[in-house]
2 protein chains.
Amino acid sequence: MKRTEGFQPISQESTPALIAAQLRSLISKGSMAPGAQLVEMDIAGALGVSRGPIREAIQRLTQEGLLVSIRNRGVFVAEFGEADIRDIYEARTAVEKAAAGLLVEGDHSSAGAELLVKVDDMEAARAKSNSEAMSEADVAFHERLVAMAASPRLSRMHGTLLTETRMCLNRLEGRYLDESVRVAEHRHIAEALKDGKTELLMKLLDAHKDDALARLLTEKPSAATLQTA
Amino acid sequence: MKRTEGFQPISQESTPALIAAQLRSLISKGSMAPGAQLVEMDIAGALGVSRGPIREAIQRLTQEGLLVSIRNRGVFVAEFGEADIRDIYEARTAVEKAAAGLLVEGDHSSAGAELLVKVDDMEAARAKSNSEAMSEADVAFHERLVAMAASPRLSRMHGTLLTETRMCLNRLEGRYLDESVRVAEHRHIAEALKDGKTELLMKLLDAHKDDALARLLTEKPSAATLQTA
DNA sequence: AGAAGTATGATTGTTGACAATCATCCGATC
DNA sequence: GATCGGATGATTGTCAACAATCATACTTCT
């Protein structure tokens with residue numbers, strides 16, 4: 001028996017990566033609002049580290065597009081207008097369609113089944129009129145769709161796009177939906193994947209995007225304004 | 001006349017961003033080989049700055065996936081195996097197809113014409129048997145395809161994927177091709193775009209990817225091994 | 001009242017110093 | 001020869017200090 005059997009290599013995350021993850025989460029949740037300035041000294045004080053690693057973390061998020069850095073003036077949470085929202089959804093759909101394409105070539109039956117579980121989560125949230133859980137389940141559906149494709153690059157790109165999506169959705173007030181339509185849309189996508197119907201799947205993903213954009217970019221958000229991820 | 005007419009706002013790039021761009025270029029060109037360690041002090045000395053901004057630049061490239069950072073041991077240029085090459089090409093094709101889809105919905109005729117200009121560059125390089133120019137023209141074709149879609153996110157994602165592509169291609173030796181086939185493939189894509197033939201365009205992009213992967217991942221590169229971007 | 005100039009405070013950008021960590025080498029021991 | 005322990009040098013990670021820059025407030029001048 002080898003003496004090191006049973007041991008696992010230890011891998012420590014770097015401090016800037018940890019800080020970046022925490023900041024990303026706060027930005028994603030809207031705790032740090034679009035346009036808000038990140039003050040290094042404040043964050044350093046809150047986290048109990050020096051400004052160096054904070055600056056390094058900020059570079060990560062700037063590279064990712066979540067922060068905007070203006071030399072000598074500071075770093076701000078990115079703000080997205082209508083064009084950005086369109087761009088985010090276009091890019092997301094591109095990634096999701098590519099992932100779906102890969103999934104259809106594999107065991108699409110169990111992939112679809114797994115997505116249906118996520119749809120059930122959405123249905124449960126709808127039944128409880130828990131809109132926060134619904135949003136989370138909606139995002140989880142899309143996340144899982146791409147993750148199952150086991151493509152590191154699609155997942156990486158999608159991760160950023162989902163963060164950007166959340167940032168956009170955080171800004172919108174009064175987001176109501178006939179949630180059963182929302183659940184049904186996702187169920188149709190999952191079923192098309194399950195059945196290996198490539199063309200239908202692509203059409204549904206496109207329609208899902210068009211639907212979302214139409215609702216998100218309605219000029220006067222009203223009580224009937226709809227939301228979907 | 002307003003006193004500030006004719007003036008343009010000045011916007012200074014941050015030092016870490018400048019450093020990151022230079023490093024990205026060196027990595028892209030293969031001057032910094034996959035697996036090579038970046039030594040902060042060396043780079044700082046070469047650029048005449050302190051280690052702080054170097055570290056910040058490195059965080060950018062790490063976030064982008066071009067560098068791999070291991071705590072307390074250093075930062076290394078990312079290395080890609082066969083699975084990575086597949087993933088890069090899959091992701092690139094996803095982005096390129098999405099861009100193509102957007103272009104077809106607009107003035108696809110002039111978009112296609114513009115791509116044909118890039119094909120002519122490729123043809124000129126073929127006629128001179130200049131394989132470096134051919135590679136550059138090939139990459140420029142794909143770059144332009146996505147840039148014309150005017151989608152910041154597709155362009156951003158594509159930029160990284162192209163750098164990764166170059167890194168992979170840098171490793172391969174003996175890359176010979178019947179270059180006229182290569183030029184023809186790109187010409188067909190440009191023509192399909194010009195003519196607004198969506199389905200054909202998507203099929204050609206997929207075939208282009210499959211072709212590239214088949215060639216790049218041939219087990220024993222021979223004089224007949226083909227290369228395309 | 002509006003414009004210009006100056007001062008001030010907050011924040012950013014960079015640097016060099018120091019501690020921590022790791023890889024490598026060398027010598028001792030079995 | 002193989003293993004272990006210790007020393008050494010290289011490099012990384014973090015920190016605090018200082019200079020530079022900007023935004024804001026206040027004062028003076030027209």
Side-chain angles (χ1 to χ4, degrees), chain A residues 1-5 7-23 26-27 32-63 66-79, chain B residues 1-5 7-23 26-27 32-63 66-79:
Chain A
M1 166 161 143
K2 200 176 172 190
R3 288 183 306 171
T4 55
E5 198 153 312
F7 286 82
Q8 297 291 338
I10 293 183
S11 178
Q12 277 260 50
E13 192 92 78
S14 75
T15 304
L18 292 172
I19 297 169
Q22 204 174 144
L23 293 178
L26 292 173
I27 290 165
M32 284 172 148
Q37 178 164 12
L38 279 72
V39 181
E40 298 167 10
M41 293 202 57
D42 291 351
I43 301 172
L47 297 183
V49 296
S50 74
R51 284 171 49 226
I54 303 293
R55 296 184 58 80
E56 289 185 38
I58 282 171
Q59 293 293 342
R60 285 185 167 232
L61 298 177
T62 300
Q63 176 62 32
L66 303 180
L67 298 180
V68 176
S69 168
I70 304 169
R71 186 182 176 94
N72 290 326
R73 286 172 57 193
V75 175
F76 305 85
V77 179
E79 296 178 271
Chain B
M1 166 162 146
K2 200 177 172 187
R3 287 184 307 173
T4 57
E5 200 154 308
F7 286 82
Q8 297 293 342
I10 293 182
S11 177
Q12 277 260 54
E13 192 92 78
S14 74
T15 305
L18 293 172
I19 297 168
Q22 203 175 146
L23 293 179
L26 292 174
I27 291 165
M32 283 171 149
Q37 178 164 13
L38 279 72
V39 181
E40 298 169 11
M41 293 202 58
D42 290 352
I43 301 171
L47 298 183
V49 296
S50 72
R51 284 172 47 227
I54 304 292
R55 295 184 58 82
E56 291 186 36
I58 282 172
Q59 292 294 343
R60 285 185 167 230
L61 299 178
T62 301
Q63 177 62 33
L66 303 179
L67 298 179
V68 177
S69 168
I70 304 167
R71 185 181 178 94
N72 291 327
R73 287 173 56 192
V75 176
F76 305 84
V77 179
E79 295 178 270

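Proteins come first, then strands; the chains are lettered A, B, ... in the order of their sequence lines, and each starts at number 1. Just so it is clear, the model here is predicted, and its values are computed rather than measured.
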Review item, side-chain donor-acceptor pairs of residues 37-51 of chain B, under 3.5 Å, at least two apart:
unit_1	atom_1	unit_2	atom_2	d
Gln37(B)	NE2	Arg73(B)	O	3.1
Glu40(B)	OE1	Arg51(B)	NE	2.8
Glu40(B)	OE1	Arg51(B)	NH2	3.0
Glu40(B)	OE2	Arg55(B)	NH1	2.7

Original post:
Who pairs with Thr15(B) by side-chain hydrogen bond (donor to acceptor under 3.5 Å, both in side chains), at least two apart in sequence or on another chain?
Top reply: Arg71(A)

Expected rows: protein N/O vs nucleotides 5-11 of chain C N/O, under 3.5 Å:
none

**OP:** Give Thr15(B) one of three labels, base, sugar-phosphate or nothing, depending on what nucleic acid heavy atoms sit under 4.0 Å from its own.
**Re:** sugar-phosphate

Original post:
What distance separates Leu61(B) CG from Gln59(A) CD, expressed to the nearest 0.5 Å?
Top reply: 10.0 Å

Original post:
Can you name the closest pair of heavy atoms from Ala57(B) and Pro16(B) and give their distance?
Top reply: CB-O, 3.3 Å

Original post:
Heavy atom of residues 44-58 of chain A under 4.0 Å from DNA chain D: which residues?
Top reply: Val49(A), Ser50(A), Arg51(A), Pro53(A)

Subject >> Leu67(B) side chain near Val77(B) side chain, heavy-atom distance below 4.5 Å >> reply: yes

Original post:
Minimum heavy-atom separation for Pro34(A) to Ala78(A), with atom names?
Top reply: CB-O, 3.4 Å

Original post:
What's the CZ-P distance between Arg71(A) and dA20(D), to the nearest Å?
Top reply: 13 Å

Original post:
Can you tell me how far the CZ atom of Arg60(B) sits from the CG atom of Leu66(B), to the nearest 0.5 Å?
Top reply: 13.0 Å

Original post:
What's the CD-C1' distance between Gln59(A) and dG13(D), to the nearest Å?
Top reply: 17 Å

Original post:
What distance separates Ile70(B) CD1 from Phe76(B) CZ, expressed to the nearest 0.5 Å?
Top reply: 5.0 Å

